[in-house]
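Structure, as structure tokens:
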There are 2 protein chains.
Amino acid sequence: MTKTSVTIKEIARLLDISKSTVSRALRDSSEISEETKKKVIDLAESLHYSPNPIALSLLKQRTHTIGVIVPDIANRFYSSTIGGVEDIAYSRGYHTMIYQSHELLDREMSATRHIAQRRVDGLVVAIASQSENMDHFVQLQEQGIPVVLFDRVLDGLETHKVRVDDYKGAFEATEHLISRGCRRIAHIAGPQPVSITRNRLEGYRDALQKHGMEFQEEWVLHSPITQEGGTERTYQLMALRNRPDAILGASDRITMGIHWALRQLGYKMPDDVAVIGFCDLSLASLMDPPISAITQPSFEMGQQATSLLLDLIESKNPPAHYETRVLQSNLVIQKSSLKASE
Amino acid sequence: MTKTSVTIKEIARLLDISKSTVSRALRDSSEISEETKKKVIDLAESLHYSPNPIALSLLKQRTHTIGVIVPDIANRFYSSTIGGVEDIAYSRGYHTMIYQSHELLDREMSATRHIAQRRVDGLVVAIASQSENMDHFVQLQEQGIPVVLFDRVLDGLETHKVRVDDYKGAFEATEHLISRGCRRIAHIAGPQPVSITRNRLEGYRDALQKHGMEFQEEWVLHSPITQEGGTERTYQLMALRNRPDAILGASDRITMGIHWALRQLGYKMPDDVAVIGFCDLSLASLMDPPISAITQPSFEMGQQATSLLLDLIESKNPPAHYETRVLQSNLVIQKSSLKASE
DNA sequence: CTGAAAGCGCTTACAG
DNA sequence: CTGAAAGCGCTTACAG
């Protein structure tokens, strides 16, 4: 149990020169003679010297670490997003600390507190559905720790944002259902306060309107982002006197719940009820019948959010303006929404 | 953009006392007068002082951070495991850095390098299936950074280990299939070098033997831990002249692949082929028919590994001996292995 | 080209 | 009870 990391002091002692010189030689400073440099670098290598990042952090007030907060890492969408974050972070020499909010404002705030304490250089976050309040993020910004929002974005915070064109995704999915002959299209939406919920709902609504179809209050239900939520809402929908012939699900888990409930209830997809949802493709394809999916470029989303964040961190002065990037979703039609005739 | 964290120096200046006194007052040292203490603590609170953990790390050579390496965080088993790690770590005042090896020895080594550099206090790891070599972990230990293995454990490293009773899980699952009348039971196993692969294979084999059934080489195939792997091996199995009437899958994804392939090929589960697999219950239940599953206490596994690690970190002297904890798996029978007669 | 000194934020023996 | 000093590992103006 020898915790003997080599230090600059040690190298200096061995070579009988000053710490300053060693430090400069290691950083390849032009003011050190080639000869000294070589001596120092050779010794450092043979001793496996690596600079103590903690000392550096203390000095530079920079940790080369960024934080990510997502609602839940077990969710494929977010784990893929984290992949994108790590990809960029890693390639630009940063490390990543991952936090889960579990959709709780409380946990989100404790994460931001930890981030502030740890002097993390910046944060990318998909806010918890509970969070209407952005104060904890504003505080971070005021401490000089930039924050970039992705997926779930809110107006309350002035910063870069990366999101998916939810409106268009829902619009196109709804149009697809209409084109397949569905006339009573329901939507199980996500939790109320989240912006993506609103956008998707609007896309759904506008598509109906465009095609002269009625918008029925009773066909729109809000649900937490869980399978149980989707299942329960589906029961509710199918119990209606005027039951839907298609359902649009707002998330992976909700859509799984819809699929599950319909099977339980004995409905055939797509003949009795067509199903489409915002869903990871590998999950959607696992189902029987495979579910038509609006897929999101999650990895890319993580990448873009992170590169915006690192730019913010590395630039001296705040940017002229903050940008909001809108990525496109993808419609993948599978059996669950193909009417028998086709 | 004011990066003005309050420091001890600042408090000392405002109160016109020395840094030493402030430091001691904050740590509630008995050698400081109640009066001074109160003054200091009150001011610190009103200024939202929080000690700089980086300075503390430099001083104490401790970061209060542990590392976790898993093959893939998108895998439910591991994300749940990480939940367990964070649960314990958090409650004992540690933070967690998460690394993914993507099953590559290379990535695993770069993670351990980073961990050593960052002076992380300890590491829990489920080794990559590629890793037969444990040198990078041994090195960590030699630097005084304890390592605890979970899930995938190997003999090459002397330390605490936490694993599931794979042997028994596979044994019981196989017995279950036999009791259901299956007579030609195949096994799609995981990658060769991993210990759990061997254990599960043995459990399968011994169960067959116990019931006087033949062990057929051609009914055992190794697969990477992917859905595609499971699918392809299933094609291979079902193409045999003497095809199996049951398949035991060695992991979530492999089992998904089996299910998928059987459906593609037009076999009914469980009538034509019974299926059971090591699998997360929420995934297994999503399928149609729902898959019988050997479930593992993943969250608990993360908890136990972490508490063993923290004990190691916090004890001065190395433990008298290293222990290996073996957790029990659970057999959850669902439709995929219930023969029609039942 | 090289070194002594100060300092990042903190703690803790050592004096008094 | 309180303070000055040294030190964790490093960098960098300031001298020379």
Side-chain angles (χ1 to χ4, degrees), chain A residues 2-41 43-44 47-65 93 116-121 143-144, chain B residues 2-41 43-44 47-65 93 116-121 143-144:
Chain A
T2 35
K3 201 162 204 161
T4 46
S5 310
V6 197
T7 67
I8 275 195
K9 196 172 157 190
E10 177 74 1
I11 296 180
R13 194 180 57 74
L14 288 172
L15 255 31
D16 203 24
I17 56 182
S18 78
K19 289 184 328 181
S20 328
T21 304
V22 175
S23 172
R24 281 189 274 249
L26 254 16
R27 328 202 75 237
D28 200 25
S29 158
S30 61
E31 42 179 353
I32 301 292
S33 74
E34 285 306 323
E35 200 194 325
T36 312
K37 264 189 206 169
K38 185 162 177 5
K39 262 194 339 202
V40 170
I41 291 172
L43 183 58
L47 256 36
H48 300 295
Y49 169 78
S50 85
N52 183 325
I54 296 169
L56 251 25
S57 291
L58 187 60
L59 205 56
K60 307 278 187 181
Q61 309 287 24
R62 293 272 315 273
T63 54
H64 278 270
T65 302
Q117 254 195 210
R118 286 267 150 192
R119 274 64 169 176
V120 163
D121 294 340
Q143 277 178 58
Chain B
T2 34
K3 202 161 202 161
T4 45
S5 310
V6 196
T7 67
I8 275 196
K9 196 172 158 190
E10 177 74 2
I11 296 180
R13 194 181 56 75
L14 289 172
L15 257 31
D16 204 24
I17 55 181
S18 78
K19 291 185 325 181
S20 327
T21 304
V22 174
S23 171
R24 280 189 275 247
L26 254 16
R27 331 202 74 240
D28 200 26
S29 158
S30 61
E31 40 180 353
I32 301 291
S33 73
E34 286 306 325
E35 199 193 326
T36 313
K37 262 189 207 171
K38 184 159 177 7
K39 264 194 335 198
V40 171
I41 290 173
L43 182 59
L47 258 36
H48 300 294
Y49 170 79
S50 86
N52 184 325
I54 296 169
L56 250 26
S57 290
L58 187 59
L59 204 59
K60 308 277 187 182
Q61 310 286 24
R62 292 271 316 271
T63 55
H64 278 270
T65 302
Q117 255 196 209
R118 287 267 150 192
R119 274 63 168 175
V120 163
D121 294 340
Q143 277 178 58

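On a predicted model such as this, the values are computed, not experimentally measured, just so you know. We name chains A, B, ... by the order of the sequence lines, and we start the count at 1 in each one.
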Answer with base, sugar-phosphate or nothing: what part of the nucleic acid does Ile17(A) contact at a heavy-atom distance below 4.0 Å?
sugar-phosphate
Complementary nucleotide of dC1(C), counting Watson-Crick and G-U pairs under 3.5 Å:
dG16(D)
Counting distance alone, no hydrogens or angles: does the base of dG9(D) have a donor or acceptor under 3.5 Å from a partner atom on the side chain of Arg119(B)?
no
Send over the distance from Leu26(B) CG to dT11(C) C1', rounded to a whole Å.
12 Å
Taking C-beta and beyond as the side chain, do Leu47(A) and Leu14(A) meet within less than 4.5 Å on heavy atoms?
yes
Starting the side chain at C-beta, find the nucleotide from dG3(C), dT11(C), dG7(C) nearest to Leu59(A).
dG7(C)
Look at all strands and tell whether Ser57(A) reaches a base, only sugar-phosphate, or nothing, counting heavy atoms closer than 4.0 Å.
nothing
Looking at Lys37(B) and Glu34(B), is any side-chain nitrogen of the basic one under 4.0 Å from a carboxylate oxygen of the acidic one?
yes
Distance-only, no hydrogens or angles: does the Arg119(A) side chain make a donor-acceptor pair with backbone N or O of Gln117(A) under 3.5 Å?
yes
Integer-rounded Å distance: dG7(D) P and Lys19(B) NZ
14 Å
I want to verify a distance call: between dC10(C), dC8(C), dG3(D), whose nearest atom is closest to the Gln61(A) side chain?
dC8(C)
Closest non-hydrogen atoms of Ile54(A) and Arg118(B), given as atom of the first, atom of the second and distance, are CD1-O, 4.0 Å
Ser20(A) side chain, from C-beta outward: closest of dT12(C), dA5(C), dT2(C)
dA5(C)
Nearest of dC1(C), dC1(D), dG3(D) to any side-chain atom of Ser33(B)?
dC1(D)
Could you tell me the separation between the CG atom of Asn52(B) and the P atom of dT11(C), rounded to a whole number of Å?
10 Å
Can you check whether Ile11(B) reaches Val6(B) side chain to side chain, under 4.5 Å on heavy atoms?
yes
Under 4.0 Å, counting only non-hydrogen atoms across every strand here, what does Arg27(B) touch: a base, just sugar-phosphate, or nothing?
sugar-phosphate
Select one nucleotide: of dC8(C), dC14(D), dC8(D), the one nearest the side-chain heavy atoms of Leu58(B).
dC8(D)
Identify whether any heavy atom of Ile8(B) sits under 4.0 Å from a base atom; if not, whether one sits that close to sugar-phosphate; answer base, sugar-phosphate or nothing.
sugar-phosphate
Compare all side-chain heavy atoms of Ile8(B) with those of Tyr49(B) and state whether any distance is below 4.5 angstrom.
yes
Closest nucleotide among dC8(D), dC1(C), dC14(C) to the Lys9(A) side chain
dC8(D)
Could you state the CZ-C1' distance from Arg118(B) to dC10(D), rounded to the nearest angstrom?
14 Å
Distance in angstrom units between His64(B) NE2 and dC10(C) P, rounded:
15 Å
Which one, dT11(C), dA4(D), dT2(C), comes nearest to the side chain of Leu56(B)?
dT11(C)
Could you give the CG-to-P distance, from Asp16(A) to dT2(C), as a whole number of Å?
13 Å
Spacing between Ile32(B) atom CD1 and dT11(C) atom C1', to the nearest angstrom:
13 Å
Give one of base, sugar-phosphate or nothing for Lys60(A), where a contact means two heavy atoms less than 4.0 Å apart.
sugar-phosphate
Thr21(A) side chain near dT2(C) phosphate (N/O to OP1/OP2, under 4.0 Å):
no
Here the pair of heavy atoms bringing Ile41(A) nearest to Ala25(A) is CD1-O, 4.0 Å
Rounded interatomic separation in angstrom, taking NZ from Lys38(B) and P from dC1(D)
17 Å
Between dG16(D) and dT12(D), how far is it from one C1' atom to the other, in whole Å?
16 Å
Mind checking the P distance from dG7(D) to dA4(C)? Whole angstroms is fine.
15 Å
Give the nucleotide from the list dT2(C), dC1(D), dT11(C) with an atom nearest to the side chain of Ser23(B).
dT11(C)
Hey, which sits more toward the 5' end of DNA chain D by its nearest nucleotide, Ser50(A) or Glu34(B)?
Glu34(B)
